[in-house]
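Just below is one structure, and these are the notes that go with it.
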Amino acid sequence: MEKRVRVRFAPSPTGGLHMGGVRTALFNYLFAKKHNGDFILRIEDTDQTRFVAGAEQYIIDALTWCGIAPNEGVGFGDGPHAPYRQSERKATGIYKNYADRLIASGHAYYAFDTSEELEDMRKRLEAAKVVAPQYNAVTRQNMRNSLTLPEDEVKRLIESGAPYVVRLKVPRNEEIRFQDIIRGWVTVNSSQVDDKVLLKSDGMPTYHLAHIVDDIEMQISHAVRGEEWLPSAPAHILIYRYLGLENDMPKLAHLPLILNPDGHGKISKREARFPVFPLSWEDPRDHVPYGGYREAGYYPEAFVNILALLGWNPGDNKEIMSLEEMAALFEFERVSKSGAKFDPEKAKWFNQQYLKSKTDGELAESFRPLLKEKGYEPDDAFLKEYCRLVKEKVQFVNDFWAQGRFIFEEPEKLDEAVLNKKWKDTSAATFTLVLNKFKELTTWDIPSVTACFHEAEAVNGGKIDMQLLRVLVTGASGGPQLFDTIALMGKEKVVARLEKGLKWVVANIEKK
RNA sequence: GGCCCGUUCGUCUAGGGGUUAGGACGCAUCCCUUUCACGGAUGAAACACGGGUUCGAUUCCCGUACGGGCUACCA
């Protein structure tokens, strides 16, 4: 019988969760949803030296914002396997129990080497031109551990409280073969694997031991994680094997990494010219602030959509998909093996697609608070119309203000490039005519304003340059639909702008 | 350096022994438009290289190159 699908996202709270981590969480989420399984959040806080206050809450907030909340685990309600924080699980003695089992069966051992002794070993090996210095089947013979020390000495050391670690006893030369759902068969020789530390001298398990114990205990069916774990997977296979759990271990899926669009390597928060965090993040240690996708104006649906298509696709050409649609289509067989460079331009396009699908009312509601910050609180009808005009021009609600700011505030200057290019000796008379026509107008709406302009053209005896009118009224060479904008601004404002603009242009622009 | 993983337009990717190698972003041109966009159409743009296997390879195999990851009592 197939195991119930239970997957976990297991970050360590060492900082803000970046977009790569979110994507790992997302794939876990999609897979769980597709199979009506469980999605668990487990916090892997076994490294006390790297613990960062607030990081755990950030992870919870980020997953929530993205709409991919786990249904079990830290921050999302305890399930049958509580606690879900490894530091708390350690208190139950669970990790030590498993380590003891490995020691009892002869697959793990105590090591008493100090960090200086380890350092010396590495130096010695490097001096001897050993390419990959490591604590392994060969070098452990010369170190202080329970395999080299007499039994009573080991006993004495432990009883005296001497610090020790527990290491995995990796065989010297053995082919380790395992299957990855995404990559197929992977083979590594055990000579490439070092005697990994399982239990640290502070009693905490390392990732290698802890995640295996927890995946077994929590009955995880699939371990989905980043490609950076591929090299240590053989060691993990060995641990499962020595524990007699190879048949119960989760299936493995190593996700390709998200790469920097320019430059090299995986995405780094320092050099990126785009947000790398879902939510803004400030590390309490150095107080360097980083912007987030939320603050940049991305819709969570868009953000998650972008991420999903970085390394996965449904097989047809569909790109805009809801979480539900993606979950229905998701499978690891369609996850690519190679890393994907993130394209910030395409990310913006995705957001634009989502923005275009919103109603004017929805847009008005999301723009209202931003506008209030600027000191303006127009009525609903005005705001909706504003959004209708401006939405076709932008990718983010955050840009709504800049796009139509001139409607609220007088422009500081008029676009001189356009004026210099197009202003003619007859222009002043032409636009005075337009101004006067506008002044006479009693009904001020889109059809009336449009008709009024056409009347002016009739009197003028020819087309009147709309871009010049645009500059005179709005200051800019481009912007939303002109007549619609003029109608929205109201007669008083338009007339005043036109008068003032005309005066300024006559005094400052050279005629053609 | 060693080990592991990878390599289709600039980017994300579809495809897969015989295809005009498809789509999307971006870019260019045109159409729509008396302004600005949206939209529509079109175009430029890719199978890393060298050997095999085969009637035939971009697709399978092997090398090389390039890219990425790992190489801690970090995850």
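Any value given below was found using the heavy atoms of this structure, including those in side chains, with hydrogens, waters and symmetry copies removed. A note on names: the letters A, B, ... follow the listed sequences, proteins ahead of strands, and every chain is numbered from 1.
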Practice task
Scan A:Val165 against the nucleic acid and name what it touches under 4.0 Å (heavy atoms): base, sugar-phosphate only, or nothing.
Solution key: base

Problem - Pairwise P distance, B:C55 and B:A46 [rounded to whole Å] - result: 31 Å

Problem - Donor-acceptor contact below 3.5 Å, side chain A:Arg167 vs main chain A:Tyr110 - result: no

Practice task
Name the pairing partner of B:A48, where a pair is Watson-Crick or G-U wobble with both distances under 3.5 Å, or state none.
Solution key: B:U64

Problem - Distance (rounded to the nearest 0.5 Å) between A:Tyr164 OH and A:Asn145 CG - result: 14.0 Å

Exercise for the section: Tell me what A:Ser232 touches on the nucleic acid: a base, only sugar-phosphate, or nothing, going by heavy atoms under 4.0 Å. Expected result: nothing

Handout entry: Nearest-angstrom distance, P atom, B:C60 to B:A14
Key = 14 Å

Exercise for the section: Remember a base hit wins even if backbone is also touched, and classify A:Gly311 as base, sugar-phosphate or nothing at under 4.0 Å, heavy atoms. Expected result: sugar-phosphate

Problem - Point-to-point distance, once rounded to the nearest 0.5 Å, from CD1 of A:Ile43 to CZ of A:Arg89 - result: 12.5 Å

Exercise for the section: Could you tell me whether the phosphate oxygens of B:U13, OP1 or OP2, come under 4.0 Å of any side-chain nitrogen or oxygen in A:Ser336? Expected result: yes

Practice task
Rounded off to whole Å, could you give me the CD-to-C1' distance for the A:Glu333 and B:G15 pair?
Solution key: 18 Å

Polar-atom pairs under 3.5 Å, protein N or O versus N or O of nucleotides 6-8 of chain B: list them with distances, or write none.
none

Handout entry: Sugar-phosphate only, base, or nothing, as touched by A:Arg122 at under 4.0 Å among non-hydrogen atoms
Key = sugar-phosphate

Practice task
Report yes if a donor N or O on one partner sits less than 3.5 Å from an acceptor N or O on the other, where the partners are the side chain of A:Glu457 and the base of B:U34; otherwise report no.
Solution key: yes

Exercise for the section: Can you tell me the distance, in whole Å, between the CE atom of A:Met321 and the C1' atom of B:C12? Expected result: 12 Å

Exercise for the section: Classify the nucleic acid contact of A:Ser12 as base, sugar-phosphate or nothing, counting any heavy atom under 4.0 Å across all strands shown. Expected result: sugar-phosphate

Handout entry: Partner nucleotide of B:G18 by Watson-Crick or wobble geometry (both distances under 3.5 Å)
Key = B:C55

